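Take a look at the structure below.
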Amino acid sequence: MTGPAVPFREIILKVHSRCDLACDHCYVYEHADQSWRTRPKTVSDQVISKTAQRLAEHAKTHALPSVSVILHGGEPLLAGPARLRRVCEEFGSALAGIAELDLRIHTNGLQLSPRYLDLFDEFDVKVGISLDGDREANDRHRRFADGRSSHPLVLKAVELLRQDRYSHLNLGLLCTIDIENDPRAVLDALVALDPPLIDFLLPHATWEEPPSRPDGSPTAYAEWLLAIFDRWQDQGRPVPVRLFSSVLSTLSGGPSLTESLGLAPTDLVVVETDGQLEQVDSLKSAYEGAASTGFDVFSHSFDDVAAHPGVQARQLGLAGVSETCRKCPVVRSCGGGLYTHRYSPANDFDNPSVYCADLEALVRGIEARTGAAMVSPALSGPRELAAGQHDLTRTLLAALHGTLDGRGGARWDEAWGLAGALEASAEGAAGLDHVLAHPYTRTWLLDVLEGLHAERPEAVGQALRLPSYVAAAAVRAGSGIEVPADFRDGRLFLPTLGELRVGGPGEAGRVRVRAEGEGFTYRREGGGPRTVLSGTEDPDWLPVRHFAPGGTPGFVLDDLDPYRDCFEAPAAPRLAPAEAEVWAEAVGRAWELLERSAPGQAADAVEWLTTLTPLVDGRNAGRPHGYGSIGLVMTGDTRELALSLLRALRRTRLRALLDVTDLYALDGAWKYRSPWDHHMKIPFSGLLSTAYERVGLSALDPAFMDGVPEALDMMERAAEPTVGGKRLLGSLRDEARGVHGTSGMNIRTNAVDQEPVR
């Protein structure tokens, strides 16, 4: 059989099939599937050995860096220390040199003792304990068969695990929800034990056997959890809670952190004590045989299990949930709920979760409580966005230093050290910040990192342009530091300053650059110093030009930087002085039109726009560049140039936002009928980018508002936007209203015209 699209990274090994408690909510003993009655009590040597062998084969086939083995039951500690040692030894030996082994055990804790914990310490087996809260809450379900309380023994186990010599093994506490318990008391009791994690689990239920709702509320479980969330927030989030962390992650565009929520495909398989290979254990709540595959470790590989229709149904992501769920805007966070909870005899698992209303209320409740705090500062204004961009550039520079890992040699180390020396003074740090904020510094960094990762031979040489950036920073700072820098083809480009012509074509070498008055001095090795005035052109020096249209503080006209050719149209070569003057005057007229027609956007752009680069007609691949730069193709039509200017401003700002914050997730999972071409279906990113651009352009031409209200309606009802994305959509609608009043903005479509991609 073919290998799985998603290999198994986790197996649950049933080491004992019986339990020393009689919990009345247990899916193994109290629900539909009673296959435990026919299974061996304890896993055999043969099953242990064959399972370890199968897992090693699977890890090797799929080059898995690590795999998890969870020891489970029944109650796994009933297997005894000798049997558990055999499991640890067999799996450790089988996986040695193939994949890292993560061993875990989930227990009720009643049998836990130093004898077990010393064994677990030897093999680094992490321990999770089930506890439903204080004594009253825990005794509601977790009792011995004769009715005695298990709570004192569980607390004893937790306290033992908290001891310094064992605390590194502590996985945390698993709590099954019962809405008849006091939620605040439950949280307080669990938090008092200082666990590294709390995992709240909804009791297993299906549409055939729905969960208990004593007051009839369709959102009783959400209300219970939100009461805990509020107390958890008030206490300063003292302990991580997996359920809450997962919702917060997905609201921000991140992954789900639990199988119970989210759309991540299943990556686990269960091995029963007799070697039978089964699907996730909770399916035993649905019906007799629901978890069965008909496979066993002796005759079948894990890849065989992965090809089972039941397993593959849980690896489909969005396409694997019901039609109702695919159209729901919270599906990214709830994921349709736990697969087991979707079961009904009529439609099998093709239903929303039996907890559907609870999950939606929980997600929306957490979003309402935390939305403001989750919005990226970059969405607040140009200065915050610029700060986020600057942090990103510095992060990339640090990443480049780490990726080189010494391959830059003495020249890189020297430049890196000089950059550190500049950072030691306020003036030097400001000079370095200015050069790092230059938009095409980002292009250089990304090009070099890409080249290093692709092992391109020229990448290390590209990285050794760092000295020119440090030299430019030293000149800007007026620092007395002399910086050696390499020139190529007779030229040295100092970013943000200009191009120095040091030798003839094809010539390479080094010069030493030092700030001097209004410019700098440079000298080739073995030669005397020469002085350059930064803003004055001469035969050996081409400065970066500046111009100031309208009432702006001015922009850089960059037609020199070797990394400026990063737009959709090719960069123009160096403009002659007369050409540069014509170009600047044309942009000035377009800017004046922009200030009259879109004063808010013009004022906003002045806060962040630093660099304009002349382009020529034609197609170019385009590459990423930093915030603050746009490229323009010259035209004599002032209105057309103003539209191009505004279009470039909108595209650049949206791209900059996407660089530093997640505005949406699962882009492409749904397709939307384009409001601007009804024959096309486009992803969320296409809707957002086009609507964002058209709202801006409508300040110059109201016709660009056509289709925007419809697009905003679609996006606001979609599943893709994060909390930050919703904030952006709200501001986009407000912007459109501010420009055009309420006219054209009150249209509401009746349904989101979308289709999931399968």
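This one's a predicted model, so the numbers in the text were calculated from it and none came from an experiment. Excluded from the calculations below are hydrogen atoms, water molecules and symmetry mates; all remaining heavy atoms, backbone and side chain alike, are included.
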message: Please give me the minimum heavy-atom distance between A699 and Q601, naming the atom from each residue.
response: CB-NE2, 3.7 Å

- prompt: So, for W207 and Y343, is the gap between ring centers shorter than 6.0 Å?
  reply: no

- prompt: For the ring pair (Phe, Tyr, Trp, His ring centres under 6.0 Å) test, which of F567, Y563, W444 pairs with H625?
  reply: F567

- request: Evaluate the criterion side-chain contact (heavy atoms from CB on, under 4.5 Å) for residue pair M715 and Y672; output intermediate values, then yes/no.
  value: CA-CA 9 Å; M715 290 187 286; Y672 299 84; over 6 Å; no

- request: Kindly indicate, with the supporting measurements, whether the criterion side chain to side chain donor-acceptor pair (under 3.5 Å) is fulfilled by S246 and T258.
  value: CA-CA 7 Å; S246 182; T258 171; over 6 Å; no

- prompt: Taking R564 for the side chain and D561 for the main chain, is one N or O donor matched with an acceptor at less than 3.5 Å?
  reply: yes

- prompt: Can we call the ring centroids of F555 and W591 under 6.0 Å apart?
  reply: yes

query: Taking 4.0 angstrom as the limit, do D391 and R394 come out as a salt bridge?
result: no

- prompt: Is R651 paired with E568 through a side-chain N to carboxylate O contact shorter than 4.0 Å?
  reply: yes

- prompt: Looking only at heavy atoms, which two atoms of S249 and P255 are closest? And how far apart?
  reply: OG-O, 2.6 Å

field: Side chains of T393 and R442, donor plus acceptor under 3.5 Å
entry: yes

field: Test log, rule salt bridge (Lys or Arg N to Asp or Glu O under 4.0 Å), inputs D637 and R589
entry: CA-CA 10 Å; D637 186 326; R589 289 191 295 272; over 6 Å; no

query: If you draw a 6.0 Å radius around CZ in R383, do more than 12 non-hydrogen atoms from other residues or ligands fall strictly inside?
result: no

- prompt: Which heavy-atom pair separates F244 from L225 by the least distance, and what is that distance?
  reply: CZ-O, 3.5 Å

- request: Describe, in one word, how the ring planes of Y287 and F349 are oriented to each other, choosing from parallel (under 30°), tilted (30 to 60°) and perpendicular (over 60°).
  value: tilted

- prompt: Quick one: do the S685 and Y664 side chains pair a donor with an acceptor below 3.5 Å?
  reply: no

message: If you compare all heavy atoms of N620 against all heavy atoms of A569, which two are closest, and at what distance to 0.1 Å?
response: CB-C, 3.6 Å

